[in-house]
Amino acid sequence: MLILDVAVPCPLRRSFDYLPPSGITAAEPGMRVLVPFGNRRLVAVVLGCKNETQVDHAKLKPAIELLDTQPTLGKDLLALAQWASNYYHHPIGEVLQQMLPVRLRKEKPARDQMEPHYRLTEAGREALASDSLGRARKQAELLDWLSHQQAASRSTLKQNGFDYPQIKALVDKGFIEAGDAAAMPVTIAEGKTLNPEQQHAVESIAAHAGKFQPFLLQGVTGSGKTEVYLQAIEHCVKQGKQALVLVPEIGLTPQTLRRFEARFPAQVSVLHSGLADGERLSDWQRAGRGDCSVVIGTRSAVFTPFNSLGLIIIDEEHDPSYKQQDGFRYSARDIAVKRAADHHCPVVLGSATPSLESLHNVQQNKYRHLLLNERAGGAQPPTIKLLDIRNSELNNGLAPDSLTAIGETLGKGEQALVFLNRRGFSPLLQCHTCGWVGQCDHCDVSMTVHFGRRQLRCHHCDAYKPLPDVCPDCENHSLTFKGPGTERLEQTLKGAFPDTQVIRIDRDTTGGKSAMSELVSTVNEGKPCILVGTQMLAKGHHFPLVTLVVMLDIDGGLFSPDFRGAERAGQLLTQVAGRAGRAERPGTVLIQTHAPDHPILATLLKQDYSPFAERLLAERKQLGLPPCSFTAVIRAEANALEACDRFLQAVRRDTGMPGNGNQFLGPLPAPITRKANRYRCSLILIAQDRKQLHALLNRARRAAEPLKPGFALRWTIDVDPLEWF
DNA sequence: AGCACGCCGACT
DNA sequence: GTCGGCGTGCTC
């Protein structure tokens, strides 16, 4: 009797046995099946076939329908899912569900989505040369654009502002033709000349083709990491293999994308969250067929199927967006390294400010270190100055010296950037008469004032209410704003420099689809202006005319209760500093601080990230914290704090004594105890090696599962957590 | 996670 | 008298 072992997308840490659908006598692992589950129908994945089952035959149900004729998930991805399920202690069914593109999670049968690729015909080339399109301006633009690209898919054309009617018109005129991606010629555009450091990096990576080897490519801003990626990919593609490039969530800027597309015409697939499900599926399948050479994508792209994977690149590898922060809490960076090992290929982790994890791996000789210290075009590193603001009169967070410096910068016809990692007008609304503060009804935090919207908003849940005119308690007109946010800074700066454009960049001003790129292009028109923004400013985008950066609240990171606070602060500072000054214009970074003698700032002042990181690493070693130890967090969430605490106490007790340097921390209540009306506690597990951590987690799981908390209590496991709460 | 089953308060 | 609140238990 044929029995299917099936992974069902539900939070249960096991698979389920089913009889095959009627008429089906064979199924392969990796195929999707539609199964009855409880009283629902779910798309599940076949893990394997067997002849017998422990399950009572009366309970056994037949599957409804086999949805694939070919396995959707190949052996490699299936094995990766099993590995990830064990590593992250997450149910296999949910892991597999995350691997599938959204389209394939639904019960429609899979159909290969072949997206046509367009290229110029001879007639088109002549038409372009003779400028014969006349009034059809958009069509002429398309033709011109395509002539530089060799070929492009419909979605690529759409991304570049060309619509289907224009494509159709040109096809009808015979100026362009459609074809399969596979039939498109693999061409590679000429690369730039490399400096010796870049050359060495590319050669090292290329020399390890076909072998598993991680590289940490550490290069200061402007040192040309991308060119190294491109040429390493070129080697890979020339051997007929595919490359995967992972970028942080906001790192997929149009500039970056264009650079890849220009180099590998018609060979790049893009996978990111903004894509429509259909487009996503088509690029996913295209990669699986081997019809593209390069896949660029954010976190989930690490699960893209490949025909022949030859290289993985993880850009800005320190970026926290690689770690999924809910549900299946995987790290795309770590999974990418595992995938490279499975596929016997090199993997490059690139960053100007590497994570301590990766630097530790270099020290352990697991990763090879490639350094790029030279800045392209001989640009000078910025000068970093500390501004002691103790006892200084601040104007909404800005020190007088900062304002002076901004004025001087504008006077020189240059641009200034003011960085504050706090959006909104003010983080606190308080009554000067009775002391009332605007607090969230659902979380233990104060609400942020959003002046433009005349609202109080909670930054931890989606609560908001109208901004009161008088104190809700004592009805006096004595409400005051405590502390600045980016919105307030914008106002202050507009007041101080009335003739200068102030551009604010944060989540509130970049909400629209193209808002961000519009703001960026306004800045890069080159007129003197002041940029105000949150950490969105620190990533991805280049502002070549910014010569002054002012950082307002670095202290928060330095004294953060989170053990990664200092690492984050240092990375942020280095990245933001990298925004200042290019080529011929040296930059200045002003750091406002109450702790000018802080040793971490002192180390960073030398304008070198490496000694700073080494110092932190030594500290982590001494304290037995990651990456010098291995951690996991069990979090509990319920309507009452006591319930969480009691549950985690019980888990800790039933897990037993860890010993040998392995230990528990907690249960500890989260610093923001109540969030969206839920109370949260963490139990932290610290182990001396990976194996012990997993042994500990297995025991904890066995302890937690039968506890049946009884209340509406939810608990989760987070392996290699970025935060303890 | 869903979804059903089951046992106690304010409504036509 | 019932509609519906969410506590608890199950899913091959």
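Both backbone and side-chain heavy atoms feed into the values below; hydrogens, waters and symmetry mates do not. Letters A, B, ... are given to chains in the order of the sequence lines, protein chains preceding strands, and every chain is numbered from 1.
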Rounded to whole Å, how long is the line connecting atom [atom1] of [X] with atom [atom2] of [N]?
X: A/Leu47; N: C/dC12; atom1: CG; atom2: C1'; answer: 13 Å
X: A/Leu42; N: C/dC10; atom1: CG; atom2: C1'; answer: 14 Å
X: A/Asp17; N: C/dT11; atom1: CG; atom2: P; answer: 13 Å
X: A/Asn639; N: C/dG7; atom1: CG; atom2: C1'; answer: 12 Å
X: A/Leu2; N: C/dC12; atom1: CG; atom2: C1'; answer: 14 Å
X: A/Arg41; N: C/dC12; atom1: CZ; atom2: C1'; answer: 17 Å
X: A/Arg14; N: C/dC12; atom1: CZ; atom2: P; answer: 9 Å
X: A/Ile64; N: C/dC12; atom1: CD1; atom2: P; answer: 11 Å

Whether the side chain of A/Arg564 engages the backbone of A/Leu722 through a donor-acceptor N/O pair (distance < 3.5 Å, no angle test) should be reported.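 Looks like yes, one N/O pair under 3.5 Å.
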
Under the side chain to side chain donor-acceptor pair (under 3.5 Å) test, residues paired with A/Arg635 that sit two or more places apart: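 Once residues adjacent in sequence are excluded, the partners of A/Arg635 under the side chain to side chain donor-acceptor pair (under 3.5 Å) criterion are A/Asp718.
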
What does [X] touch in the nucleic acid at a heavy-atom separation under 4.0 angstrom: a base, only the sugar-phosphate, or nothing?
X: A/Leu12; result: base
X: A/Phe37; result: base
X: A/Pro36; result: sugar-phosphate

Taking only residues at least two apart or on different chains, which pairs with a member in residues 692-701 of chain A satisfy salt bridge (charged side-chain N to carboxylate O under 4.0 Å, His left out)?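 Residue pairs passing salt bridge (charged side-chain N to carboxylate O under 4.0 Å, His left out), neighbours aside: none found.
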
How are the rings of A/Phe303 and A/Phe328 set to each other: parallel, tilted or perpendicular (split at 30° and 60°)?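 Because their plane-to-plane angle is under 30°, the rings of A/Phe303 and A/Phe328 count as parallel.
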
Check whether any side-chain nitrogen or oxygen of A/Asn39 sits under 4.0 Å from OP1 or OP2 of C/dT11, and answer yes or no.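 Result: no.
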
